[in-house]
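Here is the structure we will look at, set down as structure tokens.
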Amino acid sequence: MSAAPEQVTVTLPDGKALTFAKGVTGGEIAAAIGPGLAKAALIILVNGQEYDLFRPIDQDAKIRIITKKDPESLELIRHDMAHILAMAVQALYPGTQVTIGPAIDDGFYYDFARAEPFTPEDLPKIEEEMKKIIKAGMPTRREVWARDKAVEHFKGIGETYKAELIASIPANEDVSIYWHGDWHDLCRGPHFRTTSEVGDAFKLTKIAGAYWRGDAKNAQLQRIYGTAWRDKKELDEYLHRLEEAEKRDHRKLGRELELFTFAPDVGAGLPLWMPNGMVIRQELEFLALNEERKDGYRRVATPHIAKEALYYRSRHLPYYGEGMYAPLDIDGENYRLRPMNCPHHHLIYGATRHSYRELPLRIAEYGQDYRYEASGGLSGLMRVRGFCMNDAHIYCRYDQAKDEFIRVMKLHARYYDLLDIKEYYMRLSLPDLNKLDKFVDEPQKWLDALAIIRQAMDESGMKYVEGKGEAAFYGPKIDFMIKSAIGTEYTISTNQLDFLATTTFDLKYIGEDGADHPVYVIHRAPLGTHERFTAFLIEHYAGAFPTWLAPIQARVIPISEKFGDYAQKVLDTLFQVPVVNGTAGLRVDIDSSNERMQKRIRDAQLQKIPYMLVVGEREAAEGTVAVRLRSGKDLGAMPLETFVARIKNEAESRRDVAE
RNA sequence: GCCGUAGUAGCGUAGUGGUAGCGCAAUCCCUUGGUAAGGGAUAGGUCGUGAGUUCGAUUCUCACCUACGGCACCA
């Protein structure tokens, strides 16, 4: 199909072709299709490229008109919303400079340069102003300027950040300027026809500091965050989701369930594990102990500190020094709290001679480490300064490294399956060899190590994304990434391939040929640290741990004091039930407080105890327990032995009976 | 570390320039109750720490500590 030169033919998604005069706009096309679409149209895709509805189309094209029904509309709304935020702020606070304001997940933000800080009280005022702008329906206009003209213009009106931004665009490129009424900004577009189409399902959420161009060396700007949706219903759902997420926040549940605490007198980022939390920690340790034994790991134990010389040798001080605590002067010599366990383990490997026959050698330690994390980055148990890592180092020959890495990945799979963890992704972290202060300068060794990891991942069929500049200084790594309840992303497990240790610690093995050969070291921590992993599990289970992890697994509730003896007998019986896969027998208690049974059931439920065993006259007479789950489900009375079999099975299999 | 906000009993909160209330939890008493909050009484705080202003500060100012929201960092 061809059109006359003055005409363009546009093809709709359903294949239908329409012919218009050259320079037709998306708005006109939508109107030609129907009045409903004309009204609902937001922007138009022209051969996949986003056009404003008022931008002329000069060529034949496949088109698609985007309305609020299309998922892409959310990002467009948020982008327009960011402009409207900037308009509102500049109207209310003259002299404020604009910088950038993109759409992000769930919303948008805009960074401003202003001497006076914004305060939370400013947000409602800005929201009001935004609503006015939206209501006014100011028409949008797009202009194309030469870059230099734009730079001069924005300099001239005192928008120095904007001018700097435009100046970094190649000189020969034109830039697009968008006008909304009298307000204008450099922008790639696209934008809606007027300031009305965005709707009013938005809310400004927070104020924050943010560095210009994301660099701490630059000036700090003020960022205003907002959320925006297609309609009020979506906005309300989003706000509701946030509230629900807050209920899962491990910091809140950690306090309520008495899992851990912090004390200012101990220090920021140094958690104190309470008895309930320690149960989870011990069960995880026990799990790791057993799983690692199956995979041929052997345990070691090493101190939390070492002489500074060790960390020069390991290269931690030059490459990782900022992350370490200041030295402790001991008898005139500097000691350091260790930030990682590897140097100690390397010394264990190096303490004896190793034949190729012994490799791989896998040594494991739940090792306590201390890192001087930036004070502003600390967050509950997710980001701490003192933590205990599920660490191990695998010393192997080069030809074994790939298979060992695969084996480590399979260990992850076993854990994640057991814990029902599905929401995570893997990231291959590469070095940025332009930043040699952060990565050891051994280009070929980096490439070799990367090749091994890629091969291992491909062979085991595991998908991953890549992240530049996030490798360890001594080698590339595979991280397992998760999101916390409040949406922050964390590394939950980290696994590195280390080519450096063989040199720095002179680690080698004696080959078949009788000569020394270098080793690869795999650093792996599938369960990450107790701190972060437990934080994650708290949020993952919303505090309702499966029976094997639950601090209290069952609570006996006598209906009245009269049945105290029988309740005690039930407690004693359960307490003595051996649990093969557990760190101890069953964890049970009794609530004989002077409260009504209903109240005591409610208390147990709030503490998320898996089982409530109600005992009264009937149970005492029949040797049964009335079993109630924390979900509220009533399993009715059953012989005590039946219940014992059930709970023992759950504790030992580490899997709850599905309800 | 940087920007902003905050810090009142175990937890959640009210409040004031003249030495603090409430709810839940705690303790005791009454009730002996059959599956999500029975009733009553009592105790508990010098209002994060230090300094300053003031006749007098929990309330104002400053510094520090800690937390929260971001940024940066997170090998």
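Keep in mind that this is a model prediction, so the values were computed, not measured.
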*Please state how far atom OH in A:Tyr566 lies from atom C1' in B:G34, giving the value in whole angstrom units.*
15 Å
*Determine the contact category for A:Ala263: base if any of its heavy atoms lies under 4.0 Å from a base atom, sugar-phosphate if only primed atoms, P, OP1 or OP2 are that close, otherwise nothing.*
nothing
*Does the side chain of A:Lys562 get closer than 4.0 angstrom to OP1 or OP2 of B:G34 through an N or O atom?*
no
*In whole angstrom, give the distance that lies between atom CZ of A:Arg255 and atom C1' of B:C11.*
8 Å
*How far does the C1' atom of B:U19 sit from the matching atom of B:C62, given to the nearest Å?*
23 Å
*asked:* Angle between ring planes, A:His304 versus A:Tyr370, binned at 30° and 60°: parallel, tilted or perpendicular?
replied: tilted
_Test side chain to side chain donor-acceptor pair (under 3.5 Å) applied to A:Gln607 and A:Asp603, step by step_ = CA-CA 6 Å; A:Gln607 288 168 49; A:Asp603 288 345; 5.7 Å; no
_Expressed as a whole number of angstroms, how long is the span from A:Arg602:CZ to B:C24:P?_
11 Å
*Send over the distance from A:Ile557 CD1 to B:A36 P, rounded to a whole Å.*
11 Å
*Figure out the CD/P separation between A:Glu595 and B:C28, and round it to whole Å.*
12 Å
*Which value, in whole Å, describes the distance between the C1' atoms of nucleotides B:A9 and B:G44?*
6 Å
*asked:* In whole Å, measure the gap between the P atoms of B:U13 and B:U8 for me.
replied: 9 Å
*Under 3.5 Å for both distances, Watson-Crick or G-U wobble, that's the pair rule; now give the dot-bracket for RNA chain B, with | marking pairs to another strand and [ ] for crossing ones.*
(((((((..((((.......)))).(((((.......))))).....(((((.......))))))))))))....
_Any A:Ser375 side-chain N or O less than 4.0 Å from OP1/OP2 of B:G1_ = yes
*Whole-angstrom distance between B:G15 and B:U58, as gauged at atom C1'*: 10 Å
*If you measure from the C1' atom in B:U54 to the same atom in B:G17, how many Å do you get, rounded?*
9 Å
_Measure CD1/A:Ile559 against C1'/B:U35 and give the value in whole Å, please._
8 Å
*Are the aromatic ring centres of A:Tyr93 and A:Phe118 under 6.0 angstrom apart?*
yes
*Looking only at side-chain atoms of A:Ser560, point me to the closest of B:U35, B:U32, B:G34.*
B:U32
*Going by distance alone, is a donor N or O of one side chain under 3.5 Å from an acceptor N or O of the other, for A:Tyr425 and A:Arg427?*
no
*Expressed as a whole number of Å, how far does the C1' atom of B:C60 sit from that of B:A25?*
35 Å
_I want to confirm an ordering. Mapping A:Ala268 and A:Pro117 to their closest nucleotides on RNA chain B, which one lands closer to the 5' end?_
A:Pro117
_At less than 4.0 Å, is any side-chain N or O atom of A:Arg628 found next to OP1 or OP2 of B:A36? Yes or no._
yes
*Would you tell me whether A:Tyr320 and A:Arg371 have side-chain atoms, one donor and one acceptor, within less than 3.5 Å of each other?*
yes
*Geometric class of the A:Phe499/A:Trp446 ring pair [parallel <30°, tilted 30-60°, perpendicular >60°]*: perpendicular
*Give one of base, sugar-phosphate or nothing for A:Glu116, where a contact means two heavy atoms less than 4.0 Å apart.*
nothing
*List the steps, then state whether side chain to side chain donor-acceptor pair (under 3.5 Å) holds for A:Tyr566 with A:Glu619.*
CA-CA 9 Å; A:Tyr566 180 64; A:Glu619 290 76 17; over 6 Å; no
*Tell whether A:Asn594 reaches the base of B:U32 with its side chain through a donor-acceptor pair below 3.5 angstrom.*
no
*Summarise how protein sits on nucleotides 68-75 of chain B as a single string, 5' to 3': B when a protein heavy atom is under 4.0 Å from the base, S for sugar-phosphate-only contact, - for no contact.*
SBBBBBBB
_Between B:U59 and B:U49, how many Å separate the two P atoms, rounded to a whole number?_
10 Å
*Do A:Ser314 and A:Arg338 have a side chain donor and acceptor closer than 3.5 Å?*
no
_Between A:Tyr349 and A:His393, ring centroids under 6.0 Å_ = no
_Touch class at under 4.0 angstrom, heavy-atom based, for A:Glu561 against every strand present_ = base
*Under 6.0 Å between the ring centres of A:Phe108 and A:Tyr110?*
no
*For A:Phe118 and B:C3, what is the distance between atoms CZ and P respectively, to the nearest whole Å?*
17 Å
*Please give, in whole Å, the distance from B:C11 P to A:Glu246 CD?*
18 Å
*Hey, does A:Glu617 reach any base, or is it just sugar-phosphate, or nothing, if we go heavy atoms under 4.0 Å?*
base
*Considering only NZ, NE, NH1 and NH2 on the basic side and carboxylate oxygens on the acidic side, decide whether A:Glu308 and A:Arg336 come within less than 4.0 Å.*
yes
_If I pick the P atom on B:A72 and the same atom on B:A14, what distance separates them, to the nearest angstrom?_
33 Å
